[in-house]
Amino acid sequence: MPDAKQKPAQQQKSVEEQLAYLRKGAAEIIREDELKAKLEQSAKTGKPLRVYLGVDPTAPDIHLGHTVVIRKLKHFQDMGHTAIFLIGDFSAMIGDPTGQSETRPPLSREQVDANAKTYLDQVFKILDRDKTEVRYNSEWLGKLTSYEVIRLCGKYPLARMLEREDFRSRLESGRKWEELRRGISGLVKPGRQHGSEPPESDRKLDALRRGISGLAKPQSIAIHELLYPLLTALDAVQLQSDVELGATEQKFNLLVHREIQREYGLAPQVAFTMPILVGLDGVKKMSKSLGNYIGISEPPNEMFGKLMSISDELMWSYYELLTDFEERVIVRLKEEVRTGVLHPMDAKMQLAHTIIASFHGEAAANAARDEFQRVFRNRQAPSEIEEIHLKLQGNVISVERKTGPNLRKGTITGPLTNIQKWSSLLHGFAFVSSAAEAERLMKQGGFDVNDEGVRDPSAKLDLSHSATYTVRVGKKKFLRIIVE
RNA sequence: GGACGGGUGGGUGAGUGGCUAAAACCAGCAGACUGUAAAUCUGCCGCUCCUUGCGGGCUACGGAGGUUCGAAUCCUCCCCCGUCCA
């Protein structure tokens, strides 16, 4: 048998097997029969498919939501096909209007470059670095002449472009908003009398107002946003791709790409979409700006805690989209939970462990699991807590803050004595956003010193003699304070 | 170019001269219950000071001025946004 490394994996798997593997978790494959034909062709000629994923480096960190589609790219890579990771460094400067309720501020060149770099480091936690083709679309888009841009625009009708949901709803909401507003000003507004039942017209008014508040505020569309799908279509042309991956929200873009490829005399690519990962809140899509995300570079303990906090229902889509468990295994787990054989919490722990292991390794995942049990099941303080060393020196308190390998130093100044209020100290460490916030926590029982609740917001810490305090602030923040 | 309408706290949005640190809803936070889940219930939710009190001070309703004992609310100018007509 020849060396396995020489032999592409696809030759070892039948087209049917490949399809089954690739299909897992997919939202839509347009069109599946074309994909099958391409796979067959590839198997026959031994020429791997060119599969690409384009990403705009709009934010420096990638989170689990981004990994769904990157993992699918890896699946193609596993099957021996060519994975192309395209960095939309040029298109990012336009900004994808997809899912945007307003025009985004364009990114600067510097931001894009910086983001692209950190992006790649993280991407290769999933993809095989040696087998991945990395491209930047500024390479060709940056060289376009305005003549070429105009020619490109000539290949796609405006009406089609405006069909897309993002644009349509932005235009539509403006119109509706105006209509309702007219309705409101049409009603006379009588002075409302206190204590009396609101008159009929007032109720109408309220109903209209509620109607308005349900609508998104109208947002303008800038012309350059129309260009986004067209320009990125040139990526597909340039790369001569067979398959393009994207989240479901990218469907429109992917379809435009397909058509433009045809216009340029190429065989249209398969548009392969993946579902959007729901964030920790269980409702909205995972995104950094909503704060409901798990970054893939986050420390294992952090990831574990966040994963455990997702709802039981959500767990299953995470299993589907973030692990390599086979479909039938997931179905069985689900069944076991349903029948009570398996506790949902244990299923979730396994999920968390699996995901963390894929980014940080088995050992780190084990450690994170043990730590989780320790802190939350047994309600003990974490084994490693942030330490803050305090020293009163004359008029200032020097603060040394040890966070893992990082060491921060600072001082708290002001009218100082040996006796300091906890609330202002906590604020001084930037542990809470304001002293008022700290006082609030204390009043509500969210503050312990050495396992004893401290409720008095004016409670103080004596700095005159050395001591060590273990402090809990809120549900999950712990701190060790060492007075020197 | 013309005619309308709008800009209030993290978001939506009420509020047309004092009773408004500003309703309501959402988000967020804490507590209870738990499986750090969900759901539910309770409380909190600008900053700051202290003697932590239905306490004092400061800042806040696009921006700048003005009227007034008093302005998110009235006036002037400016900036921004939307709709319709051309």
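Chain identifiers are assigned alphabetically (A, B, ...) following the order of the sequence lines, protein sequences preceding nucleic acid strands; residue numbering begins at 1 within each chain.
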Lys/Arg N to Asp/Glu carboxylate O, [X] vs [Y], below 4.0 Å:
X      : Y      : result
A/E259 : A/K155 : no
A/K306 : A/E298 : yes
A/E335 : A/R332 : no

Inset, instruction - Under 4.0 Å between any heavy atoms, over every strand shown, what does A/G445 touch: base, sugar-phosphate, or nothing? Just pick one. - result: sugar-phosphate

Inset, instruction - Using a heavy-atom cut-off of under 4.0 Å over every strand shown, decide if A/R472 touches base, sugar-phosphate, or nothing. - result: sugar-phosphate

Length of the line joining [X]:[atom1] and [N]:[atom2], which is rounded to integer Å:
X      : N     : atom1 : atom2 : result
A/L307 : B/A38 : CG    : P     : 14 Å
A/K348 : B/G35 : NZ    : P     : 12 Å
A/M315 : B/A38 : CE    : C1'   : 11 Å
A/H343 : B/U34 : NE2   : C1'   : 10 Å
A/E313 : B/G35 : CD    : C1'   : 14 Å
A/D346 : B/U36 : CG    : P     : 11 Å
A/M308 : B/A38 : CE    : C1'   : 13 Å
A/K306 : B/A37 : NZ    : P     : 16 Å

Inset, instruction - Identify the two heavy atoms, one from A/G474 and one from A/R472, that lie closest to each other, and give their separation to 0.1 Å. - result: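 Shortest heavy-atom contact: O-NH1, 2.7 Å.
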
Legend entry - Distance-minimising heavy-atom pair for A/V256 and A/P229: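 Of all heavy-atom pairs spanning A/V256 and A/P229, the closest is CG1-O, 4.0 Å.
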
What integer number of Å spans the [atom1] atoms of [N] and [M]?
N     : M     : atom1 : result
B/G63 : B/C80 : C1'   : 10 Å
B/G65 : B/C50 : C1'   : 38 Å
B/G11 : B/A64 : C1'   : 28 Å
B/A60 : B/G10 : C1'   : 15 Å
B/G15 : B/C69 : C1'   : 23 Å
B/A24 : B/U36 : P     : 34 Å
B/C78 : B/G2  : P     : 13 Å
B/G56 : B/U8  : C1'   : 27 Å

Using Watson-Crick or G-U wobble geometry with both distances below 3.5 Å, tell me the partner of [N], or none.
N     : result
B/C77 : B/G63
B/A3  : B/U83
B/A30 : B/U42
B/G18 : B/C69
B/C25 : B/G11

Legend entry - Minimum-distance nucleotide (side-chain atoms of A/P344 versus B/G35, B/A30, B/U36):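 That would be B/G35.
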
Inset, instruction - Scan nucleotides 44-51 of chain B nucleotide by nucleotide, 5' to 3', and note B when protein non-hydrogen atoms come under 4.0 Å of the base, S if they reach only the sugar-phosphate, - if neither. - result: SS-SS-B-

Legend entry - Earlier contact from the 5' end, RNA chain B, for A/S311 and A/G446: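 With A/G446 and A/S311 compared, the 5'-side residue is A/G446.
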
Inset, instruction - Using the closest heavy atom to pick a nucleotide of RNA chain B for each, name whichever of A/E302 or A/S423 lands nearer the 5' end. - result: A/E302

Legend entry - Evaluation steps, side chain to side chain donor-acceptor pair (under 3.5 Å), between A/D448 and A/Y469: CA-CA 10 Å; A/D448 291 355; A/Y469 304 90; over 6 Å; no

Inset, instruction - Sort and list the pairs that fulfil side chain to side chain donor-acceptor pair (under 3.5 Å) and have at least one residue in residues 426-435 of chain A, not counting sequence neighbours. - result: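 Sorted pair list comes back empty.
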
Inset, instruction - Give a yes or no on whether A/D456 atom CG has more than 12 heavy-atom contacts from other residues, nucleotides or ligands under 6.0 Å away. - result: yes

Legend entry - Side-chain donor or acceptor of A/E439 paired with backbone N/O of A/A435 under 3.5 Å: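 Judged by distance alone, no pair lies under 3.5 Å.
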
Inset, instruction - Under the side chain to side chain contact (heavy atoms under 4.5 Å, CB included) rule, collect the residues that match up with A/H75, sequence neighbours excluded. - result: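 So A/H75 forms a side chain to side chain contact (heavy atoms under 4.5 Å, CB included) with A/Y21, A/L22, A/R71, A/K72, A/D78, A/D324.
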
Legend entry - Set of side chain to side chain contact (heavy atoms under 4.5 Å, CB included) partners for A/N137, sequence neighbours left out: A/L86, A/D89, A/F90, A/S91, A/W140, A/L141, A/D235

Inset, instruction - Please name the residue in the list A/T67, A/I62, A/V68 that meets the side chain to side chain contact (heavy atoms under 4.5 Å, CB included) test with A/L64. - result: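 Single side chain to side chain contact (heavy atoms under 4.5 Å, CB included) partner of A/L64 among A/T67, A/I62, A/V68: A/T67.
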
Legend entry - Of A/L322, A/V69, A/L314, the residue whose pairing with A/L277 passes side chain to side chain contact (heavy atoms under 4.5 Å, CB included):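 By the side chain to side chain contact (heavy atoms under 4.5 Å, CB included) criterion, A/L277 pairs with just one of A/L322, A/V69, A/L314: A/L322.
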
What are the atom names and distances for every N/O pair under 3.5 Å that joins the protein to nucleotides 55-58 of chain B?
none

Legend entry - Near-strand residues of residues 355-362 of chain A, defined as heavy-atom separation under 4.0 angstrom from RNA chain B: none

Inset, instruction - Check whether the side chains of A/Q250 and A/N253 place a donor and an acceptor atom closer than 3.5 Å, and report yes or no. - result: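 A pair is found: one side chain offers a donor N or O, the other an acceptor, under 3.5 Å apart.
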
